[in-house]
Protein chains: 4
Amino acid sequence: MQNTETRTIGIVMNGVTGRMGSNQHLKRSILPIIEQGGVPVGDDTVVMPDPILVGRNPAKLERLAEETGVDRWTTDVDAALSDPDNEIYFDAQITDLRHESVLHALDAGKHIYCEKPSALSTEHALELYDAAEDRGVVHGVVQDKLWLPGLQKLKRLIDSGYFGRILEVRGDFGYWVFRGDQVPAQRPSWNYREEDGGGIILDMFCHWRYVLDNLFGGVESVCSLGKTHLKKRWDESGEPYTCTAEDAAYAMFELAGGATAQFNSSWTTRVRRDDLLTIQVDGTEGSAVAGLRTCLMQPLGATPRPVWNPDVDNPHSFYDDWLPVPAQEDHQNAFKTQWELFLQHVARDEPFPWDLLEGAKGVQLAELGYDAWEQRTWLDVPALDRASARA
Amino acid sequence: MQNTETRTIGIVMNGVTGRMGSNQHLKRSILPIIEQGGVPVGDDTVVMPDPILVGRNPAKLERLAEETGVDRWTTDVDAALSDPDNEIYFDAQITDLRHESVLHALDAGKHIYCEKPSALSTEHALELYDAAEDRGVVHGVVQDKLWLPGLQKLKRLIDSGYFGRILEVRGDFGYWVFRGDQVPAQRPSWNYREEDGGGIILDMFCHWRYVLDNLFGGVESVCSLGKTHLKKRWDESGEPYTCTAEDAAYAMFELAGGATAQFNSSWTTRVRRDDLLTIQVDGTEGSAVAGLRTCLMQPLGATPRPVWNPDVDNPHSFYDDWLPVPAQEDHQNAFKTQWELFLQHVARDEPFPWDLLEGAKGVQLAELGYDAWEQRTWLDVPALDRASARA
Amino acid sequence: MQNTETRTIGIVMNGVTGRMGSNQHLKRSILPIIEQGGVPVGDDTVVMPDPILVGRNPAKLERLAEETGVDRWTTDVDAALSDPDNEIYFDAQITDLRHESVLHALDAGKHIYCEKPSALSTEHALELYDAAEDRGVVHGVVQDKLWLPGLQKLKRLIDSGYFGRILEVRGDFGYWVFRGDQVPAQRPSWNYREEDGGGIILDMFCHWRYVLDNLFGGVESVCSLGKTHLKKRWDESGEPYTCTAEDAAYAMFELAGGATAQFNSSWTTRVRRDDLLTIQVDGTEGSAVAGLRTCLMQPLGATPRPVWNPDVDNPHSFYDDWLPVPAQEDHQNAFKTQWELFLQHVARDEPFPWDLLEGAKGVQLAELGYDAWEQRTWLDVPALDRASARA
Amino acid sequence: MQNTETRTIGIVMNGVTGRMGSNQHLKRSILPIIEQGGVPVGDDTVVMPDPILVGRNPAKLERLAEETGVDRWTTDVDAALSDPDNEIYFDAQITDLRHESVLHALDAGKHIYCEKPSALSTEHALELYDAAEDRGVVHGVVQDKLWLPGLQKLKRLIDSGYFGRILEVRGDFGYWVFRGDQVPAQRPSWNYREEDGGGIILDMFCHWRYVLDNLFGGVESVCSLGKTHLKKRWDESGEPYTCTAEDAAYAMFELAGGATAQFNSSWTTRVRRDDLLTIQVDGTEGSAVAGLRTCLMQPLGATPRPVWNPDVDNPHSFYDDWLPVPAQEDHQNAFKTQWELFLQHVARDEPFPWDLLEGAKGVQLAELGYDAWEQRTWLDVPALDRASARA
């Protein structure tokens with residue numbers, strides 16, 4: 001390692017004062033990467049990120065800079081983009097600012113990495129993809145759930161052929177988000193207002209798309225139902241407001257390869273399962289249930305033959321029929337893992353697998369989810385491609 | 001007790017050599033009712049059932065008669081119907097024989113009690129209802145799940161106002177039915193052949209209809225997806241056969257009052273939940289999860305505020321946040337309970353609440369379930385009534 | 001934050017060398033408030049307390065000043081009061097000095113904050129209230145139990161309507177205070193001498209008054225019985241002395257709204273309950289038991305139907321029928337919370353809800369408790385008001 | 001034993017078809033005594049009870065006789081009393097019939113044993129005592145709680161001097177009696193109607209009197225408060241009715257010897273303690289908490305020195321500071337034990353310690369409990385004696 005060369009890459013981190021930008025991307029990803037001495041690329045190079053914090057509120061930026069020891073910050077995104085050492089533009093702003101900002105950064109020739117959803121419409125999301133491809137830059141979209149330890153364990157089971165043929169996938173996501181009157185709400189109030197980009201379909205279907213596509217087979221059709229179960233909530237300052245965005249979504253998907261997926265996403269449920277997100281997979285040769293960090297398996301040979309007898313208390317605990325899948329590697333923060341991969345691809349100037357096209361697919365599924373709900377029907381999911389191919 | 005009058009009612013039990021007829025209706029319902037000295041009706045009367053076993057296989061009938069000590073049996077259903085002491089006709093034959101047999105018994109003026117589904121089509125089911133009403137007899141259809149201890153506890157919570165407004169209902173039914181090659185299948189092979197009246201939608205949607213209608217609000221619309229996940233199984237004699245009926249069904253329902261219901265029914269899943277059937281109910285003031293005999297509750301005041309942090313193992317067990325709802329009465333076999341109620345209604349010559357119209361609603365929901373699946377769309381559930389009202 | 005203005009408020013902390021003054025008010029309230037950068041008032045102001053330690057023993061004061069790093073201390077309370085920057089007078093002296101001292105500080109125009117009981121008689125307590133109102137200052141009395149985490153959780157349950165109608169409240173306070181011969185006593189010896197302001201009624205009924213008034217309904221009548229169970233104890237220097245003040249009090253209260261409260265206060269009991277103070281509340285729809293930090297709930301739906309059968313060991317644990325109420329906010333020290341609220345009210349020059357009138361009510365209940373004990377009867381609790389209204 | 005003489009004593013068991021008479025007195029006391037071969041009296045005699053069942057409903061009597069194998073039963077109490085072999089008259093009828101029936105049996109010269117309360121007024125209760133004394137018969141009243149295993153263990157601790165001086169006694173009795181609408185009530189509806197002899201004071205103060213008198217010191221004064229918390233309940237046939245009798249009573253007693261007792265009796269509380277009845281005793285040298293069968297002790301040497309610190313979760317479990325008192329003898333049913341003692345006293349013609357005077361004391365305390373509640377004051381408890389002494 002003593003002969004390795006360090007290549008420093010400046011990153012314009014826009015919107016880094018927000019919750020996700022600050023906690024997950026700056027504090028749990030970029031800073032730890034710096035602390036660990038960068039990311040190795042091949043045997044002789046190390047990539048070292050050099051962030052510049054960008055936002056609109058100078059007080060917040062200054063405080064974040066002080067807190068984290070990052071010395072570069074600015075409210076002038078153009079100035080940041082004009083510095084050729086800043087090779088990457090990262091966007092974690094609120095969604096409706098993303099489209100314009102990313103296009104602007106592409107004009108400046110930057111590599112692009114951004115939060116999901118990459119845009120508010122499939123059309124806009126594809127525009128970003130086309131523009132990035134036209135410029136030949138490396139581009140990516142956050143798809144953190146793929147690196148959750150629980151899903152990594154599940155992926156390992158899938159890759160090993162453990163399941164035989166996968167028959168059904170069952171996703172349960174959610175928990176009770178307090179109304180905000182007696183107990184403060186755990187989520188920002190804009191999540192519950194359609195006019196502010198809220199809604200659980202827009203928020204979560206982006207995730208379900210890449211999880212399904214990557215683990216179980218491409219999503220081919222969707223049927224969904226949204227509900228605004230709580231019509232009234234209280235906001236950050238204790239004021240009541242009317243909820244206009246759905247707080248629960250019930251959905252079914254058909255997947256390439258023949259499996260079906262049923263996903264519940266709800267901010268109005270109480271949790272009686274292993275974790276806040278669980279994904280159960282049933283296959284001909286075995287089943288598994290993944291949570292954020294855990295994964296439990298029940299192979300065919302251990303599958304019990306339960307008896308339906310409501311006349312006596314069930315002497316069998318169905319929770320005892322499962323075996324934990326052990327961790328076989330150290331799992332680090334999922335956001336950090338994807339950042340390391342992105343930095344490596346930039347350093348090698350290679351296409352990033354989880355790119356703006358994949359991001360556009362997430363936006364597409366959310367869009368179709370809303371359409372299917374409105375039309376009360378199943379909708380097919382068309383393939384996405386570059387504009388030239390679409391023409 | 002010395003002044004009570006015993007009224008004996010003969011029951012033609014047709015199809016009693018089948019699994020359900022033999023186990024649930026004869027051995028766990030009628031025989032225990034006889035043993036306990038009948039069913040009291042008011043202060044001075046006791047109804048005593050007097051079964052005559054009817055079937056097509058005399059050897060099986062004779063064996064069953066010997067085993068149970070019932071001395072009346074025959075293969076001649078007409079002879080049984082011609083005896084005026086046999087006031088009730090009960091049908092537990094395979095479904096496609098039910099329509100004709102029940103009409104025949106109605107012609108003989110009998111009260112009718114039968115297994116679900118009451119027919120293979122809504123049209124036929126309504127015909128039975130109309131015919132029974134025309135003849136003025138008492139009639140009923142098995143709706144046993146209503147008397148499961150777990151659902152009775154759930155019903156008590158609902159009636160007490162515990163939930164506040166009910167937002168969503170989540171039903172999970174199913175378990176792994178073995179293919180029959182290595183491990184014998186737990187269910188008869190006709191369940192997996194459409195041509196023999198198989199299919200999990202036909203089997204289970206009858207149940208979901210009355211459970212939803214009675215506990216949560218009338219079913220107003222349905223969207224469903226069926227799948228024949230396993231294409232090949234081995235039958236009772238070890239011979240392979242092709243599966244033509246769906247072995248899993250994913251469904252969403254909208255209910256009067258605004259709640260949504262999502263039900264999974266599957267013979268190809270492995271159980272990681274409290275029971276073979278669980279129903280979770282989320283309301284504004286609390287949630288509950290009912291199984292066959294148990295029911296767990298989590299009031300709003302005990303609802304936790306979980307933290308999403310996949311970087312460390314979750315220190316919180318979501319299973320500890322629930323409290324069991326105690327049994328407040330002795331629960332007996334659900335089939336027996338409904339039999340006792342039916343006998344009391346016959347003795348009083350009063351309309352039975354769970355009648356052939358309610359049974360027809362179950363058939364209707366199954367039929368619409370198949371239609372919605374085929375048409376890939378949501379379907380509304382029309383109100384059902386007598387032919388005269390329909391005309 | 002760069003535009004916030006810091007307003008420093010000097011506080012004359014009299015009696016701060018005593019146990020409560022030193023531990024709870026100085027070390028756990030004022031100093032942490034200074035360390036955290038003051039208390040925000042609105043968006044643009046921060047109030048910063050600046051204590052001056054006042055007492056009679058210069059050696060103790062100097063030692064405390066050194067230990068805590070507070071640089072201002074004096075034995076000359078008049079000098080401290082004459083400094084206009086010292087806007088607040090806080091009194092934690094022994095009770096019989098409070099009346100005169102507070103009146104003196106009011107003459108100097110200070111805002112008043114003091115320990116309970118605010119005086120030794122209702123008449124004196126009301127005099128303080130009248131004098132403070134006449135001068136138009138902000139005034140408050142310590143009512144720390146209101147901010148105990150356990151009682152805050154209980155309050156949340158009450159506000160949510162969880163209990164239905166509240167029927168009975170049951171308070172159990174106390175523990176074994178050692179005599180001081182073998183094992184040193186945990187409490188000062190003056191607590192057990194009436195001539196020094198001791199007695200558990202005077203000490204605790206002040207608390208029960210505001211707890212009952214604020215949570216369950218105004219106290220309308222009282223019946224109480226005091227007992228000096230241990231007649232002889234050993235003081236701080238190991239000398240025996242005769243106990244002249246009651247060390248246990250048994251009381252019943254009737255509350256506005258119809259609930260009854262029964263409170264046990266005892267320094268001669270051993271603890272077999274969840275905490276040193278527990279308050280059980282029984283309502284038509286549920287019960288709860290609050291401790292200092294915990295609160296457990298049992299809704300009606302989970303209420304068991306216990307069987308009285310002393311012939312066999314009870315197979316049922318009554319402790320398992322309860323569910324913890326989770327903390328939904330960060331709970332800090334109760335004294336500190338009230339200090340922050342008081343400082344904010346001073347900064348805004350707004351009336352403080354827990355003022356000298358509320359403090360007088362506590363003194364009143366203690367006084368009536370002694371009277372009821374002496375007269376062996378129930379006594380009604382008259383409404384309290386300003387002298388002008390009383391006249 | 002081969003030379004022992006068996007003396008058979010006929011017992012007129014009046015009111016034995018009721019719940020207590022049937023279960024506790026006949027099935028768990030008299031029948032087991034017969035089965036075990038009677039009760040030894042001295043070295044050479046065995047007393048064998050020979051019951052005759054008496055009631056008003058012949059059907060019930062016949063069924064009970066059949067069930068238990070007792071061959072003597074009648075609806076004619078005079079006939080039963082006229083048989084000189086029936087030496088004992090036992091009364092478990094509803095309370096308002098007791099006075100006349102017992103006097104009648106005394107006229108027939110029978111020994112008397114009866115349920116509590118022995119009458120509805122102290123005057124009537126004393127009349128029974130006087131009449132029994134005048135006739136010189138042996139007489140007794142049920143005081144079963146004295147033989148509860150938990151109270152026997154507690155008694156052993158008291159007798160051993162374990163407590164030092166007893167300071168306070170704390171009784172908690174009760175549980176939630178369901179309203180009867182959703183869940184059937186566990187107690188008969190007459191308990192909640194004053195006009196039918198209901199009320200928890202009348203029911204329970206009889207018990208508290210003999211428990212206190214026998215274990216802790218004679219009751220010298222009483223102060224009590226009754227409440228009818230639930231105003232509406234549903235009776236045995238599901239009909240709503242208005243509650244006119246108190247369902248909760250809060251009481252304080254002063255005892256000879258200086259201890260105080262506080263007793264809560266409630267049918268509207270939920271149980272968070274060791275048992276349905278717990279009695280805590282605090283003494284200078286130790287404490288104990290008795291339940292129905294268990295008794296836990298905490299001697300002074302094991303008494304902890306708890307810290308009041310609500311700023312951190314309490315690391316100390318107060319339930320761990322107690323040690324169970326082991327059973328040192330086989331405990332049998334408490335009613336049976338008292339029956340054996342009564343039969344032995346009859347056989348020896350010796351005065352029974354728990355006689356009609358003791359029974360009258362229980363009635364007296366209930367009566368004073370109602371008076372104290374009405375007068376809102378403490379009342380002294382006058383000594384009771386024979387009429388001749390009173391005159």
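Quick note on labels: first sequence line is chain A, next is B, and so on, each numbered from 1.
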What part of [X] gets closer than 4.5 Å to chain D, counting heavy atoms only: side chain, backbone, both or neither?
X: C:R293; value: side chain
X: C:D144; value: neither
X: C:V289; value: side chain
X: C:H229; value: both
X: C:T284; value: both
X: C:A185; value: backbone
X: C:A327; value: neither

For the candidates [options], which exhibits the highest count of non-hydrogen atom pairs separated by less than 4.5 Å from chain C?
options: D:L292, D:T377, D:L167; result: D:L167
options: D:H316, D:Q375, D:R170; result: D:R170
options: D:R165, D:R273, D:R179; result: D:R273
options: D:A334, D:P184, D:A259, D:S221; result: D:P184
options: D:L277, D:D313, D:D321, D:T294; result: D:D313
options: D:V183, D:L148, D:L225, D:V307; result: D:L225

*Gap separating the CG atom of D:D203 from the CG atom of D:D247, nearest 0.5 angstrom*: 12.5 Å

Just checking, any donor-acceptor pair under 3.5 angstrom between side chains of [X] and [Y]?
X: C:Q143; Y: C:H207; answer: no
X: C:Y192; Y: C:E246; answer: no
X: D:Q280; Y: D:S287; answer: no

*Between C:P149, C:G286, C:C223, which residue shows the highest count of heavy-atom pairs closer than 4.5 Å to chain D?*
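The option with the most such pairs is C:G286.
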
_Shorter than 4.5 Å, heavy atoms on both sides: which option in C:Q24, C:H331, C:M252 has the most such pairs with chain D?_
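The residue among C:Q24, C:H331, C:M252 with the greatest pair count is C:M252.
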
Is the shortest distance from a Lys or Arg side-chain nitrogen in [X] or [Y] to a carboxylate oxygen in the other one below 4.0 Å?
X: D:R233; Y: D:D181; result: no
X: D:R28; Y: C:D311; result: yes
X: C:R376; Y: D:D380; result: yes

*Are C:V381 and C:E220 close enough that some pair of their side-chain heavy atoms sits under 4.5 Å apart?*
no

_Note, D:F173 side chain near D:K145 side chain (heavy atom, < 4.5 Å)_ =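 No - every pair of side-chain heavy atoms lies 4.5 Å or more apart.
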
*Among all residues two or more places apart in sequence or in another chain, which pass the side-chain contact (heavy atoms from CB on, under 4.5 Å) test with C:P306?*
C:F318, D:Y175, D:Q186, D:L276

*Not counting sequence neighbours, which residues clear side-chain contact (heavy atoms from CB on, under 4.5 Å) with D:E340? List them please.*
D:I33, D:Q36, D:V39, D:Q332, D:K336

Does any heavy atom of chain C fall under 4.5 Å from the side chain of [X], the backbone, both, or neither of them?
X: D:A248; answer: side chain
X: D:A251; answer: backbone
X: D:S266; answer: side chain
X: D:V312; answer: backbone
X: D:L230; answer: both
X: D:R270; answer: both
X: D:V281; answer: neither
X: D:Q182; answer: neither

*Evaluation steps, side chain to side chain contact (heavy atoms under 4.5 Å, CB included), between D:K232 and D:W234*: CA-CA 7 Å; D:K232 184 180 179 183; D:W234 280 255; 3.8 Å; yes

*Taking all non-hydrogen atoms of both residues into account, name the closest pair between D:A288 and D:C295 and its distance.*
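Nearest heavy atoms, D:A288 then D:C295: CB-SG, 4.2 Å.
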
_Name of the residue among D:L154, D:L300, D:D282 meeting side-chain contact (heavy atoms from CB on, under 4.5 Å) with D:F163_ = D:L154

